[in-house]
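In this text, all values refer to a predicted model and were calculated from it rather than measured experimentally.
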Amino acid sequence: MHTDTERCVRAVRSKDARFDGVFFTAVRTTRIYCRPSCPVVPPKPENMEFHPSAASCQRAGFRACKRCRPDTSPGSPQWNVRADAVARAMRLIQDGVVDREGVPGLARRLGWSTRQIERQLLAELGAGPLALARAQRAQTARVLIETTPMPLGEVAFAAGFSSIRTFNETVREVFALTPGELRARATGPACRRAPAPGAITLRLPFRTPLEPSNLFGHLAATAVPGVEEWRDGAYRRTLNLPYGHGVVALAPRADHIACRLSLTDPRDLTHAISRCRRLLDLDADPVAVDERLRADPLLAPLVDAAPGRRVPGSVDPAEFAVRAVLGQQVSTAAARTHAARLVAAHGTPVEDPEGGLTHLFPEPGALAALDPETLALPRSRRTTLLTLVRALADATLPLGPADDREEARARLLALPGFGPWTTEIIAMRALGDPDAFLPGDLGVRRAAEGLGLPATPAALTARAAHWRPWRAYAVQYLWATDTHPINHLPS
C-alpha cells in the first residue's frame, strides 16, 4: 500500500481512518509522521513520503505527531490475513517475543537465521526486528506514563527497556518530549489518582464499524465460571502471562474498547494488550470484509443490518483447543460445566477483589497427567482430550501466533477424535485464520437454508469460494440469524 503514492495521497486528503495503521505519512518539512486520518491540514504531496510502519518512520528520523498520535493506530490487518513468515514474525513481535527472547529467540521460533529476518523485515517494513520492537516499547512506555502513577524508573523496565538512559533517549526521540513532560501533558485523571495496585486503564483502538453484539455475546455466553464473567457491562477474565498473571475487563464503546488491566508484573503489559486485541479481532479491516461479503446478494441484507462483525478470538490457543474438545456435540451450557470442573480441579487459584474470578485456566502440562476416570465424558472424548493436552504439553502440536496454520490443521486432523468442525473452529478462533469455514456446523447449515443458500457442506463450500478470504466472517453473519445468546450483548 505505501508504495502506491497516488492512493496514499487520496487517503490522506480524505482523512480516511480505514488506512490508519496500514501506512504512515511522514512530512519532510516538519520531520513529523502522522496517521492518514490526522485532523491537521494535509501537507503538499511533494512534501509527503509514506512508510509501512511507525518503526520505519522513526528509523528515518521522523517523530510522532502530537495531535493524531500515530503510534496508537490499530495494527495492520494484513498480519491477520497473511500466513507467510513475515506476517508470523510480526505477530510474534507484537506479542513481545523480541523483548523477552531477543532477535535470536525470534529467529529460533521461525526457523530462520537472524540475517534472514533482518533482510525480510527491512525489505517489507523498512525496519528490522529491533526497531519494530523499540517502537512498540515506546508505545508501551507512553501508556504507562500517561495512565499510571508508576515511577518513571519502573516504567522504563516495565516497558522492556534495558536501561533508564535508553528509555529517556527513545521517548525523547519518538515523541519529542521527555518522559516527565509526557506525564505532565496527560489530561486524564488516571495518572493523578492512586488506583488499585497494578491497575492500568487504556483505550484499544479499532477500525469502524464494529458490531459488538456477537463478539461480546459469544464471550459472555460461553464464559467458564471462575475464569470469565460478564459484570457491569464488561467482559472480564483471568490471563496467564509470561511474568505472572492478570485480570482484564473489556467493555465496548462507540470508538474504542475500554480496557482495564490488573497485572502482577507490569512487564506483561505488551503481551496482555496483544492478547486482548486478538481476542476481540481489533486489527481487522471491516470495510474490506463487508465489501466482499456484500457482493453476495443473499448475504448483503445481513451485512447491511449489522456491519462490522468480528470473529471472537482467544487469549490462549491451547486453552481454546481444550475447550473446543469439551464442546464437541454438547450444548454451550454443558461445555461450560465440563470446563468449570477442569478449572476447579486443576486451575491455579488467583485473587480478584473486584469480582468473581477465582482461577487461571489450567495449562496443558497440568492436564496431561490427569486421571481419565475423573472426567465425566464419553470414553472416546477422554481419549481425544488426553491426546490433545499431551501433544500441547510436549510441543508436538504448536498452536502459537508464529505457527503455520495449514500445518496446525494437518496435525490436529491426525489426532483421534478430531474432524473438520473441531479443526476449523480452532483455526478460526485460536489461530485467527480469517478464512476458516464450518460448512458442516448445524447453525451455519440452518442459516444457509433459511437464506436460500446451499445447505449441504459440499455445495455450501463451493458457493463460499466467492467469500474468500473472509469466510470466518461470513460464519459470524450466518450464526447471527439465530436467537442463541451468543448473538446478543447480555443485559
Side-chain angles (χ1 to χ4, degrees), residues 1-79 90 93-94 121-122 124-127 131-143 145-147 169-179 181-182 185-188 202-208 254-256 273 277 282-288:
M1 172 71 188
H2 73 285
T3 59
D4 189 341
T5 301
E6 184 178 345
R7 190 179 177 196
C8 289
V9 169
R10 286 201 307 268
V12 171
R13 284 178 168 171
S14 62
K15 304 186 187 302
D16 196 334
R18 293 179 299 167
F19 295 99
D20 288 354
V22 177
F23 72 89
F24 296 82
T25 307
V27 185
R28 298 188 183 100
T29 51
T30 61
R31 307 304 297 172
I32 292 173
Y33 73 94
C34 303
R35 61 172 76 197
S37 66
C38 184
V40 302
V41 177
K44 296 179 179 179
E46 59 266 28
N47 293 331
M48 299 182 199
E49 62 181 65
F50 303 103
H51 293 257
S53 65
S56 175
C57 295
Q58 294 166 19
R59 184 170 178 266
F62 296 91
R63 68 167 178 82
C65 174
K66 297 175 184 177
R67 182 80 178 272
C68 69
R69 299 181 58 165
D71 51 302
T72 62
S73 299
S76 174
Q78 65 177 312
W79 310 131
M90 282 302 299
I93 292 171
Q94 291 168 353
L121 292 179
L122 275 171
E124 189 153 346
L125 290 161
L132 291 163
R134 175 179 178 267
Q136 185 165 275
R137 284 195 295 272
Q139 167 58 11
T140 301
R142 183 172 196 162
V143 170
I145 289 169
E146 294 182 340
T147 65
E169 291 176 349
T170 299
V171 171
R172 189 181 300 111
E173 179 181 336
V174 173
F175 304 115
L177 294 168
T178 66
E181 289 169 338
L182 265 182
R185 282 170 56 96
T187 56
L202 60 152
R203 296 181 171 199
L204 302 182
F206 56 77
R207 293 176 184 85
T208 56
D255 60 351
H256 68 277
I273 292 174
R277 296 193 67 82
L282 296 185
D283 291 327
D285 183 351
V287 174

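Judged purely by atom type and a 3.5 angstrom limit, Gln136 uses its side chain to pair as donor or acceptor with the backbone of Ile93. In terms of modelled atom types and a separation under 3.5 Å, the side chain of Asp20 and the main chain of Ser37 share a donor-acceptor contact. When atom types are taken as modelled, the side chain of Lys15 and the backbone of Pro36 share no donor-acceptor pair closer than 3.5 angstrom. The backbone N or O of Arg69 lies less than 3.5 Å from a partner atom in the side chain of Arg35, making a donor-acceptor pair.
With rounding to the nearest 0.5 angstrom, the CG atom of Asn47 is 8.5 Å from the OG1 atom of Thr30. Here Met48 contributes atom CE and Arg13 contributes atom CZ; the two are 6.5 Å apart, rounded to the nearest 0.5 Å. Going from atom NE2 of His51 over to atom CZ of Phe23 covers 11.5 Å, rounded to the nearest 0.5 Å. Between Cys8 atom SG and Asp16 atom CG the span is 11.0 Å, to the nearest 0.5 Å. Here the NE2-CG distance, from His256 to Leu202, works out to 9.5 Å after rounding to the nearest 0.5 Å. Here the OG-OH distance, from Ser53 to Tyr33, works out to 9.0 Å after rounding to the nearest 0.5 Å.
Taking each heavy atom of Arg63 and Glu173 in turn, the nearest pair found is CB-O, 3.7 Å. Heavy-atom minimum distance, Phe175 versus Asp71: CE2-OD2, 3.5 Å. Smallest separation of non-hydrogen atoms from Cys34 and Pro70: C-CB, 3.8 Å. Between Arg277 and Pro205, the shortest heavy-atom contact is NH2-O, 2.9 Å. Minimum heavy-atom separation, Arg207 to Pro286: O-CG, 3.4 Å. Closest non-hydrogen pair, Thr25 versus Phe50, comes out as OG1-CE2, 3.7 Å.
For the pair Pro52/Glu124, no side-chain contact is recorded, criterion being any heavy-atom separation below 4.5 Å from C-beta on. Looking at heavy atoms from C-beta onward, Pro43 lies out of side-chain contact with Thr29 at the 4.5 angstrom threshold. The side-chain heavy atoms of Met90 and Leu125, taken from C-beta on, include a pair separated by under 4.5 Å. Taking 4.5 Å as the limit, every side-chain heavy atom of Asp255 sits out of range of all side-chain heavy atoms of Thr208. Looking only at side-chain heavy atoms (C-beta outward), Phe19 and Arg7 come within less than 4.5 Å of each other.
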One pair to check against side chain to side chain contact (heavy atoms under 4.5 Å, CB included): Arg142 and Leu177. What are the steps and the verdict? CA-CA 11 Å; Arg142 183 172 196 162; Leu177 294 168; 5.8 Å; no
Verify salt bridge (charged side-chain N to carboxylate O under 4.0 Å, His left out) between Glu6 and Arg10, making sure each step is shown before the conclusion. CA-CA 6 Å; Glu6 184 178 345; Arg10 286 201 307 268; 3.4 Å; yes
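The 12-atom threshold is exceeded at CZ of Arg31, counting heavy atoms of other residues, nucleotides or ligands nearer than 6.0 Å.
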